[in-house]
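One structure is given here, and the rest of the page talks about it.
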Amino acid sequence: MKTDRLTLVSLGYLYIPVCLFLLFWIIPLIALPLSVLLALGVWQFVRQPVPPAEAPAPFSRTEWLILAVGALLWTLVSGIGAFVPQYGDYDKHNLLFHDLITRPWPVLYQNPRLHDPFLCYYLAYYLPTAAIAKFAHLSFQSAEWISFLWGWLGVLLAFSWAARLSKPFRTWIAVGLPFLSGVEVAFRLVWSLFIDFNWDAARWLTAVFTNQIPGYTRYETPRLAFSNHNWAQSLDPAPLVMQLQAVPQHALGGWIAVGLIVYWQRRNASPVALAFVVAATLLWSPFVSIGLGVWLLFTQRNVFTISAWWQPVFLGNCLAMGVLLGFFYQAHEPIPYAGFLVEAFDQPADVLLYVLFWGLQYWVGIFLFRRYNRQTNENTVWVKVAFTAVLTIQLLSLIYMGRWNDFQNRTMIPAQFVYYLGLANGFMHWYRSSKRTVAGWVLATWVMIGLYVPLRVLAYKVWSIHVPQPINRSMANATTNFGEADMSRMKPHEAIDADTDYALQYVGKRESFFYRYLLRK
């Protein structure tokens, strides 16, 4: 039986950080047997049979070159490695990265205000790079090179899955996927044409090209913002290009995992095997794991069949990882401001506004995709997959958690990746078709409008074009924010969020069950 190498490397990318966490953070009585069980799970997964007729065509050298160079470009402009100015989130994450490199594992803090906590965060993305830097005695600046290579490998694997799931121009679809990730912004830009520019298309186009669209990131329609009693939230999903730029620790695990899941779903893998992939993302991002779990519930027909779950290696891994990391995150300081979005609706009109302005950001793309596909019927599978992705996104948006609603933006990452990939395949089929339908032209126009966000991000990073906050903030501390002694003393940015205790996002309690009985001392 032939081993699927892309699956093997992808599972390795997801599970190697988990094994580092087990071996250096967890007591040996649990860490050693669970590491062996994980290795058995990976081996069993990659040895699943694939019918010869369904085996994907291997990538040629030219295709691998396109994928590698495309991944290199997007990794560079995203800010990974700090070779270009980084997004504001790196002000915090670089300090976490620095603590992992310079402090013993597990990372413990002496901070009486927080009762001497330990580092408790989504650590998977950082651990391999920090481990290499720590054991090779590299400086933080040298570690940035390792970080860049690790990020580039993750982007390459994600693009490889996007290409494997596609057919015509598959590698170009993969490397161009972040360009389509602004499609949901098209609705808000058209709304701005009506509200801010009174259908003056010439002035509107000038504003688009000069980056003067009001509220380009958080365009709030009437009452389409809710308050968690501390911070007003607009419903603003983060496109792929922004996910990679701000939170690669969430995005890369989610992209690779959903590629694995969709591919192996098409080859009739059991739900417990696919749950093994979901379990790999728990240390990367529990929010992404929730999004992947919802995706499985919506797309796996035999998910509720007991016999389909009876594979001891996969099931044992899922249960063990779920319990262990459940205790890990339970040790975290409580996340305030959680609830259901409907609690913020004051009147029935708010429900209508939510359905229209949140839903249409994605549903317009599906409507146009399905409309033009009726005449060709070439993309029926992708239409169904994209529809399921939008339904998943819509339902996940009904829950909010945290001051910046990280739950919404992170749980959607897998479904967004699939949605954009579906549109990309539909767009390419339309481009190659001899009959260019009207609906296809409208979809193409919609995609072109959505290029606003990816192109402005790319232009800023390559040519340093001025853009509004929050990116300007990271210009001041483009690489690190080492004004604090460690992560437990992380302070807020005084001009923007002076009342926020950043340290609480990253620490766990010593009186927790996890610290007392599971953490290596």
message: For L138, is there any backbone N or O sitting under 3.5 Å from a side-chain donor or acceptor partner on S142?
response: no
query: Is a donor on one side and an acceptor on the other found under 3.5 Å between the side chain of S397 and the backbone of Q394?
result: yes
task: Report yes if the side chains of V77 and L244 come closer than 4.5 Å at any heavy-atom pair, otherwise no.
output: no
query: If only atom types and distance count, is the side chain of Q416 paired as donor or acceptor with the main-chain N or O of T411 below 3.5 Å?
result: no
query: Take atom CZ in F59; do more than 12 heavy atoms of anything else shown fall under 6.0 Å from it?
result: yes
message: I'd like to know if the side chain of E63 and the backbone of S60 have a donor-acceptor N/O pair within less than 3.5 Å.
response: yes
query: So F417 and W295, ring pair (Phe, Tyr, Trp, His ring centres under 6.0 Å) or not? Walk me through it.
result: CA-CA 12 Å; F417 186 82; W295 178 260; over 10 Å; no
message: Looking only at the aromatic ring of each residue, does the gap between the centers of W145 and F83 stay below 6.0 angstrom?
response: yes
Non-hydrogen atoms of G291 and P414 that approach each other most closely: C-CG, 4.4 Å
- line: Heavy atoms of A415 and A389 approach each other most closely as O-CB, 3.4 Å
message: In the structure I gave you, are the side-chain heavy atoms of V69 and L73 within less than 4.5 Å of one another anywhere?
response: no
- request: Please check if atom CH2 in W64 has more than 12 non-hydrogen atoms from other residues, nucleotides or ligands closer than 6.0 Å.
  value: yes
Donor-acceptor pairs are to be reported for all side-chain atoms of residues 153-165 against protein atoms at under 3.5 Å, with residues two or more places apart or in another chain.
residue	atom	partner	partner atom	Å
S160	OG	L156	O	2.7
W161	NE1	S10	OG	2.8
R164	NH1	D4	OD1	3.1
R164	NH1	D4	OD2	3.1
R164	NH2	D4	OD1	3.1

query: Do F287 and Q408 touch side chain to side chain, with heavy atoms closer than 4.5 Å?
result: no
query: Under 3.5 Å, is there a donor-acceptor pair between the side chain of T445 and the main chain of W441?
result: yes
- request: Side-chain contact test, heavy atoms from C-beta onward, threshold under 4.5 Å: evaluate it for C120 versus V507 and give yes or no.
  value: no
query: So Y126 and F97, would you call those rings parallel, tilted or perpendicular, with 30° and 60° as cut-offs?
result: tilted
- request: Please round to the nearest 0.5 Å and tell me the distance separating atom CE of M242 and atom CG of N409.
  value: 10.5 Å
Heavy-atom donor-acceptor pair, Q245 side chain to G79 backbone, under 3.5 Å: no
- prompt: Between Y122 and H250, how do the two ring planes meet: parallel, tilted or perpendicular, split at 30° and 60°?
  reply: perpendicular
message: Whether the side chain of N198 engages the backbone of D200 through a donor-acceptor N/O pair (distance < 3.5 Å, no angle test) should be reported.
response: no
message: Is it the case that the ring center of F427 lies less than 6.0 angstrom away from the ring center of W382?
response: no
- request: Hey, could you give me the CG/CZ distance between L193 and R203, rounded to the nearest 0.5 Å?
  value: 9.5 Å
query: Can you name the residues that form a side-chain contact (heavy atoms from CB on, under 4.5 Å) with I399, not counting sequence neighbours?
result: F340, F407
field: ring-ring contact (aromatic ring centres under 6.0 Å, His included), paired with Y121, selected from Y329, Y506, W284
entry: Y506
- prompt: Closest heavy-atom contact between R266 and V381?
  reply: NH2-CG1, 4.3 Å
- prompt: Any luck finding a side-chain donor-acceptor pair between T7 and W264 under 3.5 Å?
  reply: yes
Nearest heavy-atom neighbours spanning E144 and A82: OE2-CB, 3.7 Å
- request: Please round to the nearest 0.5 Å and tell me the distance separating atom OG1 of T281 and atom CG of L252.
  value: 12.5 Å
field: Closest non-hydrogen atom pair between L177 and A424, with its separation
entry: CD1-CB, 3.9 Å
message: Check whether Y419 reaches the backbone of Y362 with its side chain - one donor and one acceptor, N or O, closer than 3.5 Å.
response: yes
- prompt: So S285 and Q249, side-chain hydrogen bond (donor to acceptor under 3.5 Å, both in side chains) or not? Walk me through it.
  reply: CA-CA 7 Å; S285 169; Q249 73 273 25; over 6 Å; no
- request: Quickly, which of I132, I80, N94 forms a side chain to side chain contact (heavy atoms under 4.5 Å, CB included) with S147? Name it, please.
  value: I80
- prompt: If you look at every heavy atom in V288 and G254, which pair is closest and at what distance?
  reply: CG1-CA, 3.5 Å
- prompt: Would you find a donor on one side and an acceptor on the other, under 3.5 Å apart, between the side chain of Y13 and the backbone of W150?
  reply: yes
- request: Please check if the side chain of Y125 supplies one atom and the backbone of V247 the other of a donor-acceptor pair under 3.5 Å.
  value: no
